[in-house]
Amino acid sequence: MTATQEKPIRILLVDDHKIIRDGLADLIRTRSDMQVIGDAGTGEAAIALALSEQPDVIVLDLDLGLECGLSLLPELIKAVPSSNVIVLTGMREVEKRDEAMMLGAKGMVLKEKGAMELLSAIEKVHRTGEYWFEPGAARRLFDKRQAADASDADRDPEARKIGSLTKTERDLITCIGDGMDNREIASRMHIAESTVRNSLTRIYDKLEIKGGRLGLLVYAYRHGIVKPAR
């Protein structure tokens with residue numbers, strides 16, 4: 001191998017059907033830039049191989065007979081954090097496929113799409129670090145994330161207000177918590193005192209603070225924006 005050639009992508013196959021594993025292995029061996037380093041039909045065997053071989057990519061079926069690939073997925077990621085898990089599945093439940101992505105899978109390939117899509121997914125995920133989504137999945141996952149964020153905000157009425165603070169505004173509140181006056185804050189943050197005053201006004205408006213500096217400090221302690229000094 002020359003210095004300019006990339007190392008083969010090392011792949012672990014996890015599927016409860018040996019005939020599927022053998023077929024995938026034969027397919028992958030047609031590529032000089034990919035290498036099958038092992039295959040497993042059970043979760044226990046998959047974890048053991050992942051730990052010992054440290055694959056670059058793990059191709060995982062969600063239906064492992066008596067086992068559930070969704071339960072195995074986080075364990076594989078924990079065993080080899082540097083590995084990318086690509087799910088290859090015929091499972092028709094969209095919710096479970098989306099759950100696999102939310103649990104940390106980097107790619108989702110439907111078995112009905114064929115061999116070339118799997119090879120393309122392996123290459124893209126490993127070489128670029130990007131995700132491989134099935135059609136429509138990115139939109140569904142975004143909508144679910146938005147709904148979850150909205151639900152969190154509903155449970156905590158202050159969460160949305162606190163979430164609107166910029167990093168600079170949070171840093172300024174930390175300075176307030178350290179007992180600094182406007183001049184000291186300006187010096188630490190390398191901004192003008194007028195900017196400090198204007199930023200404080202925006203913070204009071206965003207958080208609906210009454211009582212000025214003291215009210216902000218009480219609010220910040222109550223909601224964990226700053227921690228009281230010990």
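Between the CD1 atom of I77 and the CD1 atom of I58 there is a distance of 8.0 Å, given to the nearest 0.5 Å. Here NZ of K161 is found 7.0 Å from NE2 of H223. Values are rounded to the nearest 0.5 Å. From E99, atom CD reaches atom CE of M102 across 6.0 Å, with rounding to the nearest 0.5 Å. For the atom pair E169 CD and I203 CD1, the distance stands at 5.0 Å (nearest 0.5 Å). Summarising the geometry, atom CZ belonging to R202 is positioned 11.5 Å from atom OG belonging to S164; distances are rounded to the nearest 0.5 Å. The structure places CG of D171 at 5.0 Å from CE of M189, a figure rounded to the nearest 0.5 Å.
Follow the hydrophobic side-chain contacts under 4.5 Å out from Y221 and you never reach V218; the two are in separate clusters. Placement of L60 and M108 within a single hydrophobic cluster is found when ILVMFWY residues are connected by side-chain heavy-atom separations under 4.5 Å, directly or transitively.
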(message) Quick one, V196 with L172, criterion side chain to side chain contact (heavy atoms under 4.5 Å, CB included). Give me CA distance, side-chain angles, the key distance, then yes/no.
(response) CA-CA 8 Å; V196 174; L172 197 154; 4.2 Å; yes
(request) Show the numbers, then the answer: is there a side chain to side chain contact (heavy atoms under 4.5 Å, CB included) between T42 and L64? (result) CA-CA 7 Å; T42 66; L64 296 175; over 6 Å; no
(message) I'd like to know whether L76 forms a side chain to side chain contact (heavy atoms under 4.5 Å, CB included) with I47, so could you lay out the CA-CA distance, the side-chain angles of the two residues, the decisive distance to 0.1 Å, and finally the verdict.
(response) CA-CA 6 Å; L76 288 171; I47 294 294; 3.7 Å; yes
(message) I'd like to know whether R97 forms a side chain to side chain contact (heavy atoms under 4.5 Å, CB included) with L110, so could you lay out the CA-CA distance, the side-chain angles of the two residues, the decisive distance to 0.1 Å, and finally the verdict.
(response) CA-CA 10 Å; R97 301 201 305 260; L110 304 181; 3.6 Å; yes
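The nearest pair of heavy atoms linking R197 to N182 is CG-ND2, 3.4 Å. Between R170 and I162, the closest heavy-atom pair is NH2-CG2, 3.2 Å. Of all heavy-atom pairs spanning A40 and L49, the tightest one is CB-CD1, 4.1 Å. Here the closest non-hydrogen pair linking V87 and A100 is CG2-CB, 4.2 Å. Of all heavy-atom pairs between K106 and G129, the closest is NZ-O, 3.1 Å. Among all heavy-atom pairs drawn from A220 and I173, the shortest one is CB-CG2, 3.8 Å.
K124 pairs by the salt bridge (charged side-chain N to carboxylate O under 4.0 Å, His left out) definition with E130, not counting sequence neighbours. Qualifying side-chain hydrogen bond (donor to acceptor under 3.5 Å, both in side chains) partners for D61, counting only residues two or more places apart in sequence or in other chains: K111. The side-chain contact (heavy atoms from CB on, under 4.5 Å) check on Y204 picks up L200, I209, R213, L216, with sequence neighbours excluded. Partners of T195 according to the side-chain contact (heavy atoms from CB on, under 4.5 Å) rule, which considers only residues two or more places apart in sequence or in another chain, are I191, A192, S199.
Through direct or relayed side-chain contacts under 4.5 Å between Ile, Leu, Val, Met, Phe, Trp and Tyr, L66 connects to no other residue. Summarising the hydrophobic clusters (Ile, Leu, Val, Met, Phe, Trp, Tyr; side-chain heavy atoms under 4.5 Å, direct or chained), the residues clustered with L13 are I9, I11, I19, I20, L24, L27, I28, M34, V36, V57, V59, I86, L88, V109, M116, L118, L119, I122, V125, W132.
Under the 4.5 Å side-chain criterion, counting only non-hydrogen atoms from C-beta, K206 is in contact with T166. Looking at D178 and R188, their side chains come closer than 4.5 Å, going by heavy atoms from C-beta outward. You'll find the side chain of L165 reaches within 4.5 Å of the side chain of I225, heavy atoms only. At least one side-chain heavy atom of L70 sits less than 4.5 Å from a side-chain heavy atom of K96. Considering only heavy atoms from C-beta on, E112 comes within 4.5 Å of R92 through its side chain.
The aromatic rings of Y131 and F133 lie parallel to each other, their planes meeting at an angle below 30°, with 60° marking the opposite boundary.
Here D56 does not pair with K7 in a salt bridge; the nearest charged N to carboxylate O distance is not below 4.0 Å.
Under a 3.5 Å cut-off, the side chain of Q35 and the backbone N or O of P8 do not form any donor-acceptor pair. Remark: the backbone N or O of D181 is paired with a side-chain donor or acceptor of E184 at under 3.5 angstrom.
More than 12 heavy atoms of other residues, nucleotides or ligands lie within 6.0 Å of CD in Q54, so this atom counts as buried by the packing criterion.
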